[in-house]
Protein chains: 2
Amino acid sequence: MSKQGSLLAMNAVTIKDVASAAGVSVATASRVLSGHPATSPDSRAKVESAAKELGFMPNAQARSLRSTKTDSIALLISDVRNPYFSDLAHAVEQHARAAGLMTFIGNANEDAAQQDDFLATMLSRRVDGLVIVPQGLNEESNQPSEMMNRVLSSGIPTIFVDRALPSVQVPAITANSAQALDEAVATLQSLGHQNIAFVGGPKHASTALERYSAFETALANNGLHADEALHFVGDFQPASGALAAKWLLENPAKPSAIIVADAPMAIGALRVWRELGVRVGSDLSVITFDEVDAMLIHDPPIATIGHDLSQMGKMAVQALREVMAGQKPEPEELISKFTLRPSVASAKATQVMEGKVRP
Amino acid sequence: MSKQGSLLAMNAVTIKDVASAAGVSVATASRVLSGHPATSPDSRAKVESAAKELGFMPNAQARSLRSTKTDSIALLISDVRNPYFSDLAHAVEQHARAAGLMTFIGNANEDAAQQDDFLATMLSRRVDGLVIVPQGLNEESNQPSEMMNRVLSSGIPTIFVDRALPSVQVPAITANSAQALDEAVATLQSLGHQNIAFVGGPKHASTALERYSAFETALANNGLHADEALHFVGDFQPASGALAAKWLLENPAKPSAIIVADAPMAIGALRVWRELGVRVGSDLSVITFDEVDAMLIHDPPIATIGHDLSQMGKMAVQALREVMAGQKPEPEELISKFTLRPSVASAKATQVMEGKVRP
DNA sequence: TTGTAAGCGTTATCAT
DNA sequence: ATGATAACGCTTACAA
């Protein structure tokens, strides 16, 4: 009912104020407020009401300075604006929160310097654990960055998610797309496609390697032959997808189907094809990784290879908590899922272009 | 070259260790490490090399416990997975980082309880400022939540972004869509559309109110009359967009054009229309708020009313820093931008359905 | 320029 | 069950 009059009333109410208001010692107040068992119902009542009355907010810095735990973890992803990662971030955050952990989301922006910057900040803040989508090894040295090494040798519980770093012994939650690509290739092949192009990611990303190698295996499994001339190496960004789209149209092998390794590249490519009048689904069959909105509302809808990001986030938090508890979790693989949509079914063996679209 | 042998080497190197390794007092070490002017070149050299040698990472808790500043701000958004907000988050983060501030991104999940939870955590962590997309007033009491009131009376620098709260005196960076909607309506009208439907957002969001009222004004400006029967009240989520899509098809007024107040609803709607065979761009003209990928790759591309989120983020951080510096910034409005795309141009006055699609 | 020491708000230890 | 007090790692008067 009463109004707090002071304008510049900085919230300076400490546990000391609560204690004296409740007529007990700070020790007792602390015990009550942090749920310590050794407290009498009487003091519990007094302290709790005093705390509420005064609007007491414990100072997290002070608390964790003393207790050496912060009840927080950090999640480092490559790009907040990529729906794949924002879905992952959301999942990690939800599961962490359920475990009483606050999540700091950091954005590497596909940039090693920003990655290191964020890691340094998190180390300073003494987070209790780290979930990292690693940006890959240094181009020249072929080693993890200095900051990453510091993280790894610091003993702070860490797990990788989505990607892994070769030769780095950290539990990783990754996806296995072998089965999904097998299905995808088999589907395309059964529709008569012989020349299937692949737009892959940068070689520093383990996901890019895994996807391409699974693709090669899938070709072999289906009696098709891999052809480097049908492999475009992109960088997981829309601009490289646009380049890939043109590359495809000019490809002498005239591929009639294409598999794209992530949604941003697919978006870049789809835009180009639409502008050039290539009808996806009839002129060209397209399958892409990442089941995002844009693929679902496309007409016809694009067939996708998707991941249960919610599950991936859950597994990541779970694994991290095991590490935090001193256990050593096994690396786990999530099975990617292929979802067939009309776009593929309607693409029966049409050779791309047939002279009509090619410039 | 040398390998750190200890497996459980928890990073316990403090400023004390640095000081003794450098042969100076902790005070001197602290001064060097935090760039205090009163330091000799000699001790600077010694301390810096010692710190590097030992891999010293200052403990952020201890530092800010003493200095009462955390060099961090919190950003509370409605939904990380909505590209609109993840773009905004990215912009805020980039500008804050440029100002030496770490950004904690929190997700209200369009839920007042999660909003309050996050705010409490941030208050505990003593962030130096808050950028908030407010979730609206309590349905019943018509008041801000208790936690929000606590934030407002705490004196901690706060600004609102995207949305505002009526009668709450906090500087807000919002968007003004009057001009964009004027253009949009004029364009539709010049194409012959008379019955333009509007799919709006929930009334607790100030953006929903602003957009609808600007739409009404735009109708009037263009000599059209507003009609409540053409107004669908959604909740900014895909599911309500799907409902709106069906509502449109069954609407007795047979609207031939529709404006949707956000991208998630538009996505829900577009999916339904595609499934029902409604050809957007010829059977129906669609304009939507939020310039996201899905609208750009749609065939035909969807006309949008977009915002420069990067600019909005910049203005938000700027305004926040002014408040932190003790100034009182004026509320600012960003002008929304209408981008015409073929989807509208190709929609010439076709009455939706014409019997053929209606169930 | 440097060192000594107090103090930030908690929790943990040790008596009682 | 409770209270006094040390301690967490750092910054900052205050002295020297």
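Quick note on labels: first sequence line is chain A, next is B, and so on, each numbered from 1.
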Worksheet item: Do A:R66 and B:Q61 pass the side-chain contact (heavy atoms from CB on, under 4.5 Å) test, and can you show the C-alpha distance, the side-chain angles, and the key distance before you say yes or no?
Response: CA-CA 10 Å; A:R66 185 63 238 245; B:Q61 345 277 346; over 6 Å; no
Worksheet entry | Whole-Å distance separating the CZ atom of A:R44 from the C1' atom of D:dT2 | 13 Å
Worksheet entry | Nearest to side-chain heavy atoms of B:R66, which nucleotide of D:dG3, C:dA6, C:dA5 | C:dA6
Worksheet entry | Residue pair A:L33 / A:R63, side-chain heavy-atom distance below 4.5 Å | no
Worksheet item: For A:R97, which of B:D117, B:N107, B:T121 qualifies under side chain to side chain donor-acceptor pair (under 3.5 Å)?
Response: B:D117
Worksheet item: With a non-hydrogen cut-off below 4.0 angstrom, is B:T39 in contact with a base, only sugar-phosphate, or nothing?
Response: sugar-phosphate
Worksheet, complete the sentence: Judged by nearest nucleotide, the residue sitting upstream toward the 5' end of DNA chain C, B:H36 or B:A62, is B:H36
Discussion item. Taking the minimum atom-to-atom distance to the side chain of B:A38, which one of D:dT11, C:dG3, C:dT2 wins?
Written reply: C:dT2
Item to complete: Consider the side chain of A:I15, meaning its heavy atoms from C-beta on, and name the nucleotide among D:dG9, D:dC10, C:dT11 that approaches it most closely.
Response: C:dT11
Worksheet entry | Euclidean distance, atom NZ of residue A:K69 to atom C1' of C:dT10 [Å, nearest integer] | 13 Å
Item to complete: Name the closest nucleotide to the B:S40 side chain, picking from D:dT11, C:dA12, C:dT1.
Response: C:dT1
Practice prompt. May I have the distance from A:L65 (atom CG) to C:dA12 (atom C1'), rounded to whole angstrom?
Written response: 13 Å
Discussion item. Given C:dT10, D:dG9, D:dT11, identify the nucleotide with an atom nearest to the side chain of B:S67.
Written reply: D:dT11
Worksheet item: How close or far is atom C1' of D:dC8 from atom CG of B:N59, stated in whole angstroms?
Response: 8 Å
Item to complete: Tell me which nucleotide among D:dT11, C:dT10, D:dT12 gets nearest to the side chain of B:R31.
Response: D:dT12
Worksheet, complete the sentence: Among C:dT11, C:dT2, D:dA4, the one nearest any side-chain atom of B:S43 is C:dT2
Worksheet entry | Phosphate OP1/OP2 of C:dT10 contacted by A:S30 side-chain N/O (<4.0 Å) | no
Worksheet item: Tell me: NZ of B:K16 to P of C:dG3, nearest whole Å?
Response: 15 Å
Worksheet entry | Donor on one side chain, acceptor on other, B:T70 and B:D128, under 3.5 Å | yes
Discussion item. In whole Å, I'd like the distance from the CG atom of A:L123 to the C1' atom of D:dG9.
Written reply: 16 Å
Worksheet item: Atom CZ of B:F56 and atom C1' of D:dG9: how far apart are they, to the nearest Å?
Response: 8 Å
Discussion item. Checking B:V151 against B:L123 for the side-chain contact (heavy atoms from CB on, under 4.5 Å) test, could you report, in this order, the C-alpha distance in whole Å, the side-chain angles of both residues, the deciding distance, and whether it holds?
Written reply: CA-CA 8 Å; B:V151 167; B:L123 248 35; 4.0 Å; yes
Response to the item:
Here the distance between atom P of C:dA12 and atom CG of A:L33, to the nearest Å, is 13 Å
Practice prompt. For B:V32 and for A:T14, locate the closest nucleotide of DNA chain C by heavy-atom distance; then report the residue assigned to the nucleotide nearer the 5' terminus.
Written response: B:V32
Item to complete: Consider the side chain of B:T28, meaning its heavy atoms from C-beta on, and name the nucleotide among C:dT2, C:dT11, D:dG3 that approaches it most closely.
Response: C:dT2
